[in-house]
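Everything on this sheet refers to the single structure shown next.
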Amino acid sequence: MRRLPVFVVVDVSESMAGNAITAMHDGMQMLLQALKKDPMVIEIGAMSVISFGGKAKVEVPLSSVLDIRIPSLDLSSGTSLGKAFDLLTSEVNSKVTKTTREIRGDYKPIVFLITDGQPTDDWRAGYAKFRKCYPSVSIHAVGCGDDVDFSILKEITPNTYVMRDMTAESFGKLFQCVTASVRSVTASMMNGDGVKDDLAELSDGEVRKPTEVECRPIGESRQVLISAMCSRTKRHFLIRYKRGEFGKFALSAVHPLEQKLAGGGASGGNINVNELNSNGFKCPHCGNTGMFYCNTCHAEVCMEPGGMHGHCPGCGWDGELTYGSFDLHKSLG
Ligand SMILES: [Zn+2]
Ligand SMILES: [Zn+2]
């Protein structure tokens, strides 16, 4: 039986921390449930899920939609889009049956790429390799949130879309569009119906094409992530700052983490403490409202406000705190 291989390539970088990662996971589960109800998709549909953060990983190897379970997704530090394309190339090479003189292979794969950030590796090399092998495979790229460089996604595919919100509802609607698109491509393979695969047309406004202005390179990141640790519970969290007025970054969220992220604390460059406004900070684990920066682990550590003594549970540093201007390591994002 010829299969229609669908590859879903999803960003699990640390900037997805919080609701976004759960919402994306639930959205994929909905996608799978919906596909399992379509008799034509059951017949020919095969799906694979590849995640990319600090590295790329096959979460679900290409299999019939009936045999798939979506595993939980682990966040990691970095947005390795190039590695994702490397892995996609090797998965298509090894799992998709090619048409030869003897056998009729699978249909041409379709790829959905979902990302919320800017690549932190050499994405062009990985992408070029993929295109060299598969020049005509169609890719739909969805940029989520407000820190996406659409000039990059546009280089990858003309089928580039924007999804501004990263709520459960938005991801739900996005995956409804993906479902509709997969069903339409399947029907067209089986019956020769016309393909409806424009996600913007399939969506009721949640997903749209980016404007020309949005497609300009964004250069500097619009957000900063700093790894952090709770001094009382030794648990990890992530502090998210968003660029506000006057170019300063204002605290926008703290995300408790189950465990230290793979690659967490790796430096994505420096930022001066004076560029960060931490008003309103509260440790998500213990409620402390003060913090200091540990120069050894490159992490913020929660503390009681106003104290002059710091103890870092990460590396054991213990000493008097100093005020003043200093640089912090940004996390990779
Ligand atoms: Zn704490
Ligand atoms: Zn430390």
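Whatever order the structure lists them in is the order used to number ligands and atoms, beginning at 1. Starting from 1, each residue takes its place in the sequence as its number.
One finds an angle of 110° at the Zn ion (ligand 1) between SG on C283 and SG on C286, to the nearest 10 degrees. Between the SG atom of C302 and the SG atom of C230, the angle centred on the Zn ion (ligand 1) amounts to 110° when rounded to 10°. Our summary of the site lists the angle at the Zn ion (ligand 2) between SG of C297 and SG of C294 as 120°, to the nearest 10 degrees.
To the nearest 0.5 Å, atoms CD1 (I114) and CG (D11) are separated by 9.5 Å. With rounding to the nearest 0.5 Å, the separation of CZ in R235 from CD in Q259 is 11.5 Å. For the atom pair OG1 (T97) and NZ (K95), the distance works out to 11.5 Å, reported to the nearest 0.5 Å.
For residue H298, no N/O/S atom approaches the Zn ion (ligand 2) to within less than 2.8 Å.
Side-chain contact between K209 and Y161 is present, with heavy atoms from C-beta onward closer than 4.5 Å.
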